[in-house]
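To find a chain, count down the sequence lines: A is the first, B the second, and so on, and within it residues start at 1.
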There are 2 protein chains.
Amino acid sequence: MYEGALQDLIEELGRLPGIGPKSAQRIAFHLLAADPADVDRLATAMQEVTRTVKFCEVCGNVSSQQICRICSDDRRDSSIICVVEEPKDVVAIERTREYRGRYHVLGGAISPIDGVGPDDLRIASLLSRLSDSSVAEVIIATDPNLEGEATAAYLARMLSPLGVKVTRLASGLPVGGDLEYADEVTLGRAFVGRRAL
Amino acid sequence: MYEGALQDLIEELGRLPGIGPKSAQRIAFHLLAADPADVDRLATAMQEVTRTVKFCEVCGNVSSQQICRICSDDRRDSSIICVVEEPKDVVAIERTREYRGRYHVLGGAISPIDGVGPDDLRIASLLSRLSDSSVAEVIIATDPNLEGEATAAYLARMLSPLGVKVTRLASGLPVGGDLEYADEVTLGRAFVGRRAL
């Protein structure tokens, strides 16, 4: 146990995700030895995020404006919407440079165990985006795990009556991976999804 | 890449020790979703540490006062000084409840590779604490690694002419450990330091 402010800081840091007591102590001593101007910059950056970061009114992604950069970019194809769980998924897909359509961020996946149902996700706003029939395809890019698959199945059922093409990202062997070490479900999916060469 | 404030925060967090890009992103989204009052509390705790935490004028440990809690506690035995590298070592030793003497924090260990020499450590203030001959024993509790051992050897050489008893923490097998998995240096030390039962 340390005295006063140092102990307070260690306890506050320990509440962050992925920061255990040892890491909290290490970061606290780092900050103690750091230039006060650097510490102020970090503290301000934290407070700025809660004050200035908004969620895009169209797609639900994080944004510094009411409408995010991607939704307000006319060069992007507005006839395709890629549905993801979280803003970090948008960043991951953007990094591939393979996709030039729009996004829709659900804000999570259906997970009864965590008490997250369809009504807790931004599904109503997705349906209203599809109502003007300018959208030709919805790509469901939720995570390939239990919750993501359940969400994908639910969305597919909701969207099929609307006449829009609904697709799902391919499952299979990761590039650079090793067939021997692939789990049986992934390998099974790779067989099902095999393509003609 | 995110927009504005969120990207700034991810970059600032990524400068902390042990926080990689993925952890920085995870913490940033956690803070984004957190109660602004909690974020303010963390930001304030960081700034408070750089402003209010001092180093004890006697032992060099972190302290909220000019003289730390341990140095100003009359019930502690002032005839024994335990020399450690860092304030976190004081906390580790206090947790054992085996030691009731005073401390001296060097602020590191001699490490030529990192450019840390004896003059960069609080050795002069240790010598001045020993000048009034009320100290009977100095326990050297630097880390049992290369730098810590070099520092211990240097201190032993400096302190021997002063007529004070200089001791070193025992090296040997960790309690609850497994003899089979002990490295040969530790096992060798355990033989050298064996005790009669």
Among the clusters formed by ILVMFWY side chains lying less than 4.5 Å apart, do B/Ile123 and B/Tyr103 turn up in the same one?
-> no
NZ (A/Lys54) with more than 12 external heavy atoms under 6.0 Å = yes
Which of these passes side chain to side chain contact (heavy atoms under 4.5 Å, CB included) with B/Tyr2: A/Val49, A/Val90, A/Val62?
-> A/Val62
Shortest non-hydrogen contact between A/Leu31 and B/Thr50, atoms and distance = O-CG2, 3.6 Å
Which one, B/Asp38, B/Thr52, B/Leu6, leads in non-hydrogen pairs under 4.5 Å with chain A?
-> B/Leu6
Does atom CD of A/Gln66 have more than 12 heavy-atom neighbours from other groups under 6.0 Å away?
-> no
Tell me, do B/Arg15 and A/Arg41 make a side-chain contact under 4.5 Å, heavy atoms counted?
-> yes
Honestly curious: do A/Phe29 and B/Ile93 fall in one hydrophobic cluster under the side-chain, below-4.5 Å linking rule?
-> no
Between atom OG of A/Ser23 and atom CD1 of B/Ile19, what is the distance when rounded to the nearest 0.5 Å?
-> 6.5 Å
A/Leu162 atom CG, neighbour heavy-atom count above 12 within 6.0 Å = yes
Please state whether the side chain, the backbone, both or neither of B/Leu13 comes within less than 4.5 Å of a heavy atom of chain A.
-> both
Under 4.5 Å, counting heavy-atom pairs only, tell me which of A/Asn61, A/Ile10, A/Val91, A/Asp8 racks up the most with chain B.
-> A/Val91
With a 4.5 angstrom heavy-atom cut-off, which part of A/Gln47 approaches chain B: side chain, backbone, both or neither?
-> both
Around atom CG of A/Leu127, are there more than 12 heavy atoms of other residues, nucleotides or ligands at under 6.0 Å?
-> yes
Taking all non-hydrogen atoms of both residues, which atom of A/Pro17 and which atom of B/Ile27 are closest, and how far apart?
-> O-CG1, 3.9 Å
Report whether B/Val138 and B/Val84 are members of the same hydrophobic cluster (ILVMFWY, side-chain heavy atoms less than 4.5 Å apart, transitive linking).
-> no
Around B/Arg189, counting heavy atoms of other residues, nucleotides and ligands shown, do more than 12 lie under 6.0 Å from its CZ?
-> no
What part of B/Ser63 is in contact with chain A, defined as an atom under 4.5 angstrom from a non-hydrogen atom: side chain, backbone, both or neither?
-> both
Under a 4.5 Å heavy-atom cutoff, which of A/Lys88, A/Arg51, A/Glu48 has the most pairs with chain B?
-> A/Lys88
All heavy atoms of B/Met46 vs all of A/Val39, minimum pair found to be O-CG1, 3.6 Å
Note: vs chain B, highest number of non-hydrogen pairs under 4.5 angstrom among A/Ala28, A/Cys68, A/Pro87 is A/Pro87
Of the listed B/Glu11, B/Arg26, B/Gln25, B/Arg69, the one with the largest count of heavy-atom pairs under 4.5 Å with chain A is B/Arg69
Do you reckon A/Leu159 sits in the same ILVMFWY cluster as A/Leu106, going by side-chain contacts under 4.5 Å, direct or chained?
-> yes
Should A/Val116 and A/Met158 be regarded as members of a common hydrophobic cluster, given that ILVMFWY residues are connected when their side-chain heavy atoms come within less than 4.5 Å of each other, either directly or indirectly?
-> yes
For residues A/Val53 and B/Ala5, report the shortest heavy-atom separation together with the two atoms involved.
-> CG2-CB, 4.1 Å
